[in-house]
Amino acid sequence: MRYLPLTDDDRRAMLQAIGVADVDGLYTDVPASADWDVRGDLPDHKSEIEVERELLRLAGRNQSGGEGAFFLGAGAYRHHVPATVDHLIQRSEFLTSYTPYQPEISQGTLHYLFEFQTQVAMLTGMEVANASLYDGSTAASEAVQMALRITKRSGIVLAGNLHPHYAAVIKTGLSIVDHSLSETGPDPRESGLQDLSDLITDETACVVVQTPDFFGRLTDWRSLAETAHAKGALLIVVVTEVVSLGAVMSPGAMGADIVVCEGQSIGNGLNFGGPYLGLFATRKKFLRQIPGRLCGRTVDADGREGFVLTLSTREQHIRRDKATSNICTNSGLCALAFTIHLALLGEAGLRKLATLNHQSAVKTATALTALDGVEVLTPAYFNEFTIRLDRPAEPVIAALAARKVIAGLPVARLLPDATELSRDVVIAATELTSDTDRDALVGALKEVLK
């Protein structure tokens, strides 16, 4: 089908029918304060070579995750992604595939999405999973909205140790609905289990917790799940480091009703923060409340196996207030990368990868414990933990970065109002963290803390 742009006569006829003289007349209701110069301070056009040089100059200001010792985590983690993953997802049938609303020509895409859903359900210990959402934080927001629909209640309880970005996205989503919000304060030493139980009432729709939490602490939420269920509330468990599910108890086994994860760690690189991959799983009884896309397996009239989008299609999402969610797509290519990487690992490989991550973190924490002016706060962790320095963390981390050691995230960067945490740093170690990296961290930190 050819694209036929409007002619000047077409535009004049449309403007005349609307009753304005020109295109600017369409925007008379927009206040002057909202008007802005689209150009801003952008330079005039440049040649291709000049643009290339300028971009290289800007890129030179960045420090690569593979350059020097790297201990940054806090929701996005540096893991090894096999070359096979990148090779396969760049096949044209995957890289350029369209939304699979026509199952007769999209069986390959639908098949791998079905496999992806199966993997996510098994990982999380849940009964059903969707075909992915945009990232972990938006999945968490969708989970809260889903809990409000299911329970017909308005109360939400947020754990203080929930990742600040996730809490912020959840609050943004709640800004357009009636709700009451209760939350505890962040504390790297405490799980907040008892505090959260005290906040649950007969009006609570859901309790949102995380494990490992923002500070890296592992928590068994089974007793909280019992408390929530006794009050008719749902338990939502957030997992930002999905590799941890290869080693620790699944959220489903803890009694979670909805599980959301950031799937970036498997199959997807850091990529300056995206695109990432939201995992969403729940109990079968909540199947029709799942946001986004769901792929099912069926048989045709001749008994042949086939895959289709089910329960949630494009048409469902244009029904405004009757729609489950306004999300009608998924992170398809990232989900494929996840599926391929996890298939390559298998169950035994994932367990081994998780073990390597935990061992790496234990080695790193042990090495740091020996330093004067450093205290490890996290009692039980997977591959991430929090340390407390004897001075404000931000200048120390900056000094270490100048020595090509990315030593973790100063908590104050994401929780600036929590002044009592200004000396705290969240440190992550993965299978890519070598003994040389640990030595560089310890040596640089010892030098800076003198």
Side-chain angles (χ1 to χ4, degrees), residues 75-77 79 81-103 105-124 126-143 238-243 245-246 258-271 273-282 287 290-297 307-314 317 325 327-347 349-350 353:
Y77 303 91
H79 291 286
V81 178
T84 307
V85 174
D86 191 53
H87 176 77
L88 289 176
I89 68 172
Q90 291 196 52
R91 289 179 60 95
S92 60
E93 61 265 43
F94 292 136
L95 198 60
T96 62
S97 61
Y98 178 66
T99 301
Y101 287 116
Q102 295 174 276
I105 61 172
S106 304
Q107 283 301 290
T109 298
L110 291 166
H111 192 168
Y112 84 68
L113 288 176
F114 185 84
E115 298 298 335
F116 166 81
Q117 292 172 176
T118 304
Q119 290 174 335
V120 173
M122 294 176 68
L123 266 180
T124 57
M126 304 303 285
E127 295 169 324
V128 62
N130 72 8
S132 80
L133 294 176
Y134 298 133
D135 59 20
S137 62
T138 50
S141 178
E142 287 287 340
V238 172
V239 181
T240 61
E241 173 50 293
V242 70
V243 172
L245 297 180
I258 306 173
V259 181
V260 296
C261 312
E262 174 52 66
Q264 170 269 321
S265 287
I266 297 179
N268 294 272
L270 290 171
N271 303 329
Y276 281 175
L277 172 66
L279 313 185
F280 193 106
T282 187
L287 181 66
I290 294 178
R293 177 178 297 164
L294 191 71
C295 182
R297 182 171 61 186
F307 299 90
V308 295
L309 289 182
T310 183
L311 298 181
S312 188
T313 63
R314 184 198 301 273
H317 294 291
S325 165
I327 289 181
C328 61
T329 185
N330 70 305
S331 297
L333 198 63
C334 296
L336 175 61
F338 179 99
T339 305
I340 294 171
H341 191 181
L342 195 54
L344 289 170
L345 285 169
E347 183 176 347
L350 180 62
L353 176 61

With no hydrogens and no angle check, is any side-chain donor or acceptor of E262 less than 3.5 Å from a backbone partner on L277?
yes
To the nearest 0.5 Å, what is the distance between CD on E93 and OG on S106?
12.5 Å
Would you say the side chain of Q117 lies within less than 4.5 Å of the side chain of L294, judging by non-hydrogen atoms?
yes
Quick one: side-chain hydrogen bond (donor to acceptor under 3.5 Å, both in side chains) partners of R297, sequence neighbours excluded?
none
So which atom in G292 and which in S325 form the shortest heavy-atom distance, rounded to 0.1 Å?
N-CB, 4.4 Å
What one should report as the nearest heavy-atom pair of L133 and P291 is CD1-CG, 4.3 Å
Please round to the nearest 0.5 Å and tell me the distance separating atom CZ of F338 and atom CD1 of I266.
4.0 Å
Hey, what's the ring geometry for H111 with F307, parallel, tilted or perpendicular (30° and 60° as the breaks)?
parallel
Mind checking side-chain hydrogen bond (donor to acceptor under 3.5 Å, both in side chains) for S137 and listing every partner two or more places apart, or none if nothing turns up?
D135
With L279 as reference, evaluate V242, T124, N130 under the side-chain contact (heavy atoms from CB on, under 4.5 Å) test and give the passing residue.
V242
Please name all residues satisfying side-chain hydrogen bond (donor to acceptor under 3.5 Å, both in side chains) with Q119, sequence neighbours left out, ordered by chain then number.
none
To the nearest 0.5 Å, atom CD1 of I89 lies from atom CG of L333 at 4.5 Å
Donor + acceptor pair across side chains of T339, E115 (<3.5 Å)
no
Listed by chain and number, what are the ring-ring contact (aromatic ring centres under 6.0 Å, His included) partners of Y134, not counting sequence neighbours?
none
Measure the CG-NE2 distance between L270 and H79 for me, rounded to the nearest 0.5 Å.
8.5 Å
Please enumerate all residues that pass side-chain hydrogen bond (donor to acceptor under 3.5 Å, both in side chains) together with S132, with sequence neighbours excluded.
N330
Looking only at heavy atoms, the pair that brings L110 and C295 closest together is O-SG, 3.1 Å
According to ring-ring contact (aromatic ring centres under 6.0 Å, His included), who are the partners of Y77, at least two apart in sequence or on a separate chain?
none
Working to the nearest 0.5 Å, report the span between CZ of F280 and CE of M126.
9.0 Å
When you compare the side chain of V128 with that of T282, does any pair of heavy atoms fall below 4.5 Å?
yes
Side-chain contact test, heavy atoms from C-beta onward, threshold under 4.5 Å: evaluate it for L342 versus L123 and give yes or no.
yes
Specify the closest pair of heavy atoms between V238 and A140, including all atoms of both residues, with the distance to one decimal.
CG2-CB, 4.3 Å
Work out which heavy atom in Y276 is nearest to a heavy atom in C334; give both atom names and the distance.
O-SG, 3.8 Å
To check you understand the geometry: which heavy-atom pair defines the closest contact between P103 and V308, and what is its length?
CB-CG1, 4.0 Å
Heavy-atom side-chain contact between V81 and D86 under 4.5 Å
no
Straight-line distance of Q102 CD to Q107 CD, nearest 0.5 Å
12.0 Å
Might you work through the side-chain contact (heavy atoms from CB on, under 4.5 Å) test for T118 and M122, ending with a clear yes or no?
CA-CA 6 Å; T118 304; M122 294 176 68; 4.1 Å; yes
